[in-house]
Amino acid sequence: MKKVITYGTYDLLHHGHIKLLQRAKALGDYLIVGVTADTFDRSRGKINVQQSLIERINNVRDTGLADEIVVEEYIGQKIDDIRRLNVDVFTVGSDWKGKFDYLKEFCEVVYLDRTEGISSSELRCEQRDIRIGLVGDSAILNKFENESHYVNGVTISGVCTNNGSLLAERLHQLPCVTDQLDELLNVSDAIYVISKPEMHYEHIYRALGKGKHVLCETPITIKVEQWCELQQMAKDKGLVLADGLKTAYSMAYDRLCLLAKSGAIGKVVSVDATCTSLQDMERMREGNGPCPWNSICAWGPTALLPIFQLLGTDYISKQIVTHLLDEELFFDAFTKVSFVYPHAVASLKVGQGVKSEGELVVSGTKGYIYVPAPWWKTDYFEVRYENPAENKRYFYQLDGEGIRYEILSFIKSIKSSRNGSYIDVNTSEAIIRVIQDFYEGRDVIKM
Ligand code: C2G
């Protein structure tokens with residue numbers, strides 16, 4: 001019996017895939033089809049796949065062409081499969097010509113002509129692009145624009161900024177460059193907001209009022225009442241209002257939360273997160289250039305994320321200790337927040353005028369998770385135990401610091417009309433509550 005194997009993602013299965021499978025089957029007597037796992041696709045840069053692994057497997061099965069289906073999960077698996085399953089022929093479309101010649105050592109390799117005029121990418125792009133406008137003065141807008149190119153179905157419609165120097169790179173080439181929000185809203189379906197936190201409410205209110213979806217860099221507002229009002233407004237109008245916090249979309253971060261929640265380190269008793277990035281305080285004092293976000297807004301949401309996602313938002317008490325460089329502007333050079341939960345504690349340190357080791361430690365009754373600096377954009381963490389022989393290391397590729405996954409999730413939420421954000425409303429609200437308390441002096445000690 002001649003065994004043939006072929007691999008693919010088979011997203012939105014189309015006649016190009018089916019013709020390939022038919023010709024693959026005709027090369028032998030028994031066809032094995034490898035369907036890529038989501039994580040494998042993500043690791044090879046294919047982030048726009050729309051259907052889940054199960055849906056894609058079912059579609060391949062329904063063609064009736066596959067005698068056996070395997071899931072492709074790692075680089076090098078093709079060699080393993082060919083040996084393990086005694087495969088005689090490996091085949092794939094001509095778009096891969098030459099790429100799999102290394103398999104000739106193990107079996108015959110056949111490149112079949114690809115069917116012209118059809119592809120999953122084109123099918124995904126058939127829907128009209130969602131036009132996202134950029135709002136704010138932060139250099140992160142450049143990163144965001146750059147990352148948007150990795151996401152199917154998105155175009156950046158323009159930018160609304162007061163920071164002319166931002167336009168130097170590429171943003172000046174956008175169709176709409178303005179300092180008037182309404183102008184940008186008129187040519188956008190959605191906006192990404194990274195204006196000053198105290199301006200978020202107004203910017204979001206105006207965008208939702210005009211029927212536009214919003215992705216806003218966390219914190220969405222600095223007052224819980226405003227956050228509630230905007231959430232309700234978005235709900236009433238069927239619009240998406242999502243938190244922009246790239247760490248939430250990092251695979252390593254997501255996996256470490258799942259590991260902690262599934263008991264890998266026993267009961268979680270302490271979460272300790274530090275995020276710092278030293279800014280030029282002299283320049284800020286002299287008022288040269290746009291004033292950066294204060295430490296609690298710039299880093300607080302990131303540092304609060306693992307605390308609220310692992311321990312929940314029902315803490316018994318908290319204490320905020322802060323060193324304010326500028327009392328009027330509420331500019332904190334350094335802030336430490338400690339929480340007490342019924343059976344756990346947590347702490348965070350954030351600073352733009354202080355430097356520290358930006359690590360995350362999640363301590364449990366059986367072991368701890370250690371994420372080295374900078375933990376908020378890490379691709380690596382360790383689970384450590386009393387007996388070092390039991391320690392485990394985990395590595396997950398992180399592309400674009402998580403921003404492209406954040407954009408993808410926002411687009412999916414808009415298209416499916418439901419909030420697919422990785423940050424639930426309780427966490428979003430609890431983050432704002434801490435920041436509001438900071439501004440209103442509740443539980444605050446100044447040092
Ligand atoms: N294909 C084709 N004609 C098209 C589109 C795709 O013949 N118009 C073929 C591809 O060449 C591939 C198969 O259909 O052999 C599956 O295509 P994809 O789902 O796009 O998967 P791909 O990323 O090509 O994965 O490691 C190799 C991969 O597993 C192949």
Side-chain angles (χ1 to χ4, degrees), residues 136-141 143 162-163 165-166 193-200 216-223 243-247 270-308 315 317-340 345-361 371-378 401 430-447:
D137 299 330
S138 163
I140 292 174
L141 290 179
K143 272 193 196 173
N162 291 309
N163 180 4
S165 62
L166 250 193
V193 181
I194 186 166
S195 51
K196 280 189 185 310
E198 52 272 28
M199 295 303 293
H200 285 179
C216 179
E217 198 65 21
T218 316
I220 288 183
T221 66
I222 53 172
K223 288 196 167 96
D243 271 283
L245 215 178
K246 63 183 188 323
T247 303
S270 183
V271 179
D272 301 278
T274 301
C275 305
T276 66
S277 53
L278 216 45
Q279 300 278 332
D280 186 344
M281 293 294 145
E282 279 310 312
R283 204 167 148 243
M284 195 207 92
R285 276 207 198 92
E286 288 158 11
N288 287 337
C291 178
W293 287 23
N294 60 7
S295 302
I296 193 74
C297 285
W299 283 120
T302 305
L304 286 164
L305 191 69
I307 296 176
F308 291 148
Y315 53 86
S317 66
K318 73 166 178 313
Q319 187 183 59
I320 303 173
V321 182
T322 189
H323 174 55
L324 289 178
L325 273 191
D326 186 316
E327 300 249 351
E328 255 169 59
L329 288 174
F330 279 98
F331 197 94
D332 54 334
F334 174 77
T335 294
K336 177 171 178 162
V337 187
S338 310
F339 296 89
V340 178
V345 291
S347 74
L348 68 87
K349 284 189 283 189
V350 292
Q352 311 224 78
V354 166
K355 193 69 199 156
S356 184
E357 184 72 9
E359 60 191 16
L360 170 67
V361 181
V371 194
W375 72 264
W376 53 90
K377 51 178 177 186
T378 193
E401 298 180 19
I431 289 174
I432 293 167
R433 199 172 291 284
V434 172
I435 290 174
Q436 182 169 5
D437 287 348
F438 167 88
Y439 280 105
E440 295 181 0
R442 259 189 303 276
D443 307 325
V444 175
I445 297 174
K446 291 182 187 164
M447 64 171 204

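The analysis underlying the following values was restricted to heavy atoms, covering all of them including side chains, and did not include hydrogens, waters or symmetry mates.
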statement: Distance col, row T221:OG1 vs I432:CD1, nearest 0.5 angstrom, shows 4.0 Å
statement: Residue set satisfying side chain to side chain contact (heavy atoms under 4.5 Å, CB included) with E327, at least two apart, ordered chain then number -> L324, K446
Atom pair CD (E359) and SG (C275), whose distance is rounded to the nearest 0.5 Å: 11.0 Å
task: Quick one: list whatever passes side chain to side chain contact (heavy atoms under 4.5 Å, CB included) with E401, sequence neighbours left out.
output: K143, K246, K377
By salt bridge (charged side-chain N to carboxylate O under 4.0 Å, His left out) - contacts of E440 (at least two apart): R442
- prompt: Quick one: are L360 and V271 in side-chain contact, heavy atoms under 4.5 Å?
  reply: yes
task: Output all residues satisfying side chain to side chain donor-acceptor pair (under 3.5 Å) with K318, sequence neighbours left out; order by chain, then residue number.
output: D437, D443
query: Is there a side-chain contact between W375 and T274 (heavy atoms, below 4.5 Å)?
result: no
- request: Report yes if the side chains of Y315 and V434 come closer than 4.5 Å at any heavy-atom pair, otherwise no.
  value: yes
- prompt: Can you name the side chain to side chain donor-acceptor pair (under 3.5 Å) partners of S138, sequence neighbours left out?
  reply: none
query: N163 and S165: which non-hydrogen atoms are nearest, and at how many Å?
result: OD1-OG, 2.6 Å
- request: Tell me, please, which residues at least two apart from N294 pass side chain to side chain donor-acceptor pair (under 3.5 Å).
  value: Y439
task: Determine the minimum heavy-atom distance between A346 and D272, stating which atoms define it.
output: C-OD1, 4.4 Å
field: Close side-chain approach of I220 to H200, heavy-atom, < 4.5 Å
entry: no
query: Nearest 0.5 Å, what's the OG-CG distance between S195 and N162?
result: 10.0 Å
task: Apply side chain to side chain donor-acceptor pair (under 3.5 Å) to T276 and list each qualifying residue two or more places apart in sequence or on a separate chain.
output: K355
task: Please list, chain by chain and in numerical order, all residues satisfying ring pair (Phe, Tyr, Trp, His ring centres under 6.0 Å) with W376, sequence neighbours excluded.
output: W299
task: Taking all non-hydrogen atoms of both residues into account, name the closest pair between P197 and I222 and its distance.
output: CB-CG2, 3.8 Å
Spatial distance of atom NZ (K336) from atom CG (L348) [nearest 0.5 Å]: 9.0 Å
message: Using side chain to side chain contact (heavy atoms under 4.5 Å, CB included), reason through C297 and I435 one step at a time and then give a plain yes or no.
response: CA-CA 7 Å; C297 285; I435 290 174; 4.0 Å; yes
- prompt: Between CG of L245 and CD1 of I431, what distance do you get to the nearest 0.5 Å?
  reply: 6.0 Å
query: Residues two or more places apart in sequence or in another chain: which of them pass side chain to side chain contact (heavy atoms under 4.5 Å, CB included) with T335?
result: I296, I320, T322, D332, V337, V350, F438
Residues which pass side chain to side chain contact (heavy atoms under 4.5 Å, CB included) with Q279, listed by chain and number, not counting sequence neighbours: S277, M281, P292, Q352
message: Just verifying a value: how many Å separate D243 CG and E217 CD, rounded to the nearest 0.5 Å?
response: 9.0 Å
query: Is any side-chain heavy atom of F334 less than 4.5 Å from a side-chain heavy atom of S356?
result: no
